[in-house]
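A note on names: the letters A, B, ... follow the listed sequences, proteins ahead of strands, and every chain is numbered from 1.
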2 protein chains.
Amino acid sequence: MSITNVVRRKRVARENYHHGDLEAALIDAALDLVRQTGPDHLSLRAVAQQVGVSPSAVYHYFPDKDSLISRVGDKLFIDLANMQREALAQIPGISARAAKLRYRELGRTYFRWANKEPNLFRLMFGGFCKIEREGDHQGNDAFLMLTKCLDDLLDTGVISKSMRKYGELLSWTAVQGASTLIVEGHLPEAAFEDLLDGLDLAMRAGNMRAGSK
Amino acid sequence: MSITNVVRRKRVARENYHHGDLEAALIDAALDLVRQTGPDHLSLRAVAQQVGVSPSAVYHYFPDKDSLISRVGDKLFIDLANMQREALAQIPGISARAAKLRYRELGRTYFRWANKEPNLFRLMFGGFCKIEREGDHQGNDAFLMLTKCLDDLLDTGVISKSMRKYGELLSWTAVQGASTLIVEGHLPEAAFEDLLDGLDLAMRAGNMRAGSK
DNA sequence: GTCGGTATCTGAATAGTGTTCAGATTATGG
DNA sequence: CCATAATCTGAACACTATTCAGATACCGAC
């Protein structure tokens, strides 16, 4: 899709005094520095310097440093959702096999994102960004994609109705937890594929009228 | 040897100049401040002041602030394991029912810990403490307790051998992920009991010779 | 008991931080 | 074209982590 463009002004961004789109530039610079230094250890002044602007200029766009970090988080959630969307687009088809592959790839993308940039992952889930609507994932693209994947698994008979009920919850929490535990060194990297295997098995629970209540 | 300055050596803490056990006092004070302010926003000077000591005194026990925070993390992991041990001790018995209750309570304790003190939970899993032996959970008490719980579930016929294989991985990651997502506001608090229900169902997968390969 | 050595802690200093605010600079609407 | 608003600067303030020379209290040995 298109990038967040410079729509504010109708002319081209100046290079001299006025920056053009300082807000976005600050977010990008902050993202870059967080990737290197971690969400703690981020310096507001370093962000300003990277953009080539005075530290006080930041306060025209963000009330404080934490707000800037929070905005970085917003951007990261969008980026992750886009990456997941792209991953899903690579696996078309309505077969059970395709649905299973999509489901796996959705989790893998989540984990790869976390594992490639631990500091950005920590920023997203380390209490640095304030979630606006608590526990409300309507309109959350990533959640909707997961829902779609699970619906496909149900429609193709891969998972049972009883398991479908817990699909989002179980998948999201397990993938999220595995990402955290691997990134923080509590589990080896190879554990993630094992987890996906375990999730596949788990999701088949309740199938075949598995009697035992 | 005179009586006056003898016996006081290793036992009692001094109150005057020498603190007695400054190292532990600093860790405790840091823990207390992190609970209030979060792992970022922790001030070394505030820690020193709370103990009633000069900021530079800290550097006799820790090379820098991050090391102090890391030591707080070590303590928290021990505390969590102890809390889980106590929770398990309340539910004795070798029946399937007891084993199921223990398994559930183990996850609940993990989550309660996270949910009651979000800032401490963030300290543990937010990249603030350096894990010594990466991905090696031999000797990790919490992990051993989980293993024991799962063995009991297998022995009492609650879970299948095929599912047992993924028991630790699936349980730990799901509970960890749910704790994070709830603490950070992405899921409502009530979702955790739902997750435990889903986990119960998932764990029964592979039981009853559930044919479908 | 006194003395020397050592571990422990202080005080001051340095460099860097987030944040505020009066004012300089530039762009824009009337 | 000018007044007004938007944008950014520079200096200042209080605070931070960290270093280091030196003061203080303890310890074991004499």
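By the side chain to side chain contact (heavy atoms under 4.5 Å, CB included) test, B/S56 pairs with B/S54, sequence neighbours left out. With sequence neighbours left out, B/S162 forms a side chain to side chain contact (heavy atoms under 4.5 Å, CB included) with A/L201, B/S160.
Taking the six-membered ring wherever Trp is involved, the centroid distance between the rings of A/F125 and B/H186 falls below 6.0 Å.
For residues 69-79 of chain B, the pairs satisfying side chain to side chain donor-acceptor pair (under 3.5 Å) are B/E23-B/R71, with sequence neighbours left out.
We find that NE2 of A/H60 is positioned 10 Å from C1' of D/dT9, with the value rounded to whole Å. Taking atom CG on B/L68 and atom P on D/dT18, their separation rounds to 10 Å, with Å as the unit. Atom NE2 in B/H41 sits about 12 Å away from atom P in D/dA17, given to the nearest Å. What separates CG of B/D21 from P of C/dA7 is a distance of 17 Å, to the nearest Å. Summarising the geometry, the separation between CG on B/L22 and P on D/dC26 is reported as 15 Å, rounded to the nearest angstrom. A straight line from CZ of A/F62 to C1' of D/dT7 spans 14 Å, rounded to a whole angstrom.
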Would you be so kind as to tabulate the donor-acceptor pairs closer than 3.5 Å made by side chains of residues 188-197 of chain B, with sequence neighbours excluded?
residue : atom : partner : partner atom : Å
B/E189  : OE2  : B/N115  : ND2          : 3.2
B/E193  : OE1  : B/R104  : NH2          : 3.3
B/E193  : OE1  : B/R108  : NH1          : 3.0
B/E193  : OE2  : B/R108  : NH1          : 2.8
B/D197  : OD1  : B/R104  : NH1          : 3.3
B/D197  : OD1  : B/R104  : NH2          : 2.7

Return all side-chain donor-acceptor pairs below 3.5 angstrom for residues 38-50 of chain A, not counting sequence neighbours, or 'none' if the list is empty.
residue : atom : partner : partner atom : Å
A/H41   : NE2  : B/D66   : OD2          : 3.1
A/S43   : OG   : A/R45   : N            : 3.3
A/S43   : OG   : A/A46   : N            : 3.0

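Side-chain proximity of A/Y59 to D/dC8, C/dT10, C/dG18: nearest is C/dG18.
Across all strands, B/Y61 comes closer than 4.0 Å only to sugar-phosphate atoms, never to a base (heavy-atom distances).
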Practice task
Any chance you could list the contact pattern along nucleotides 10-16 of chain D? Use B for base contacts, S for sugar-phosphate-only contacts and - for none, protein heavy atoms under 4.0 Å, 5' to 3'.
Solution key: B-B---S
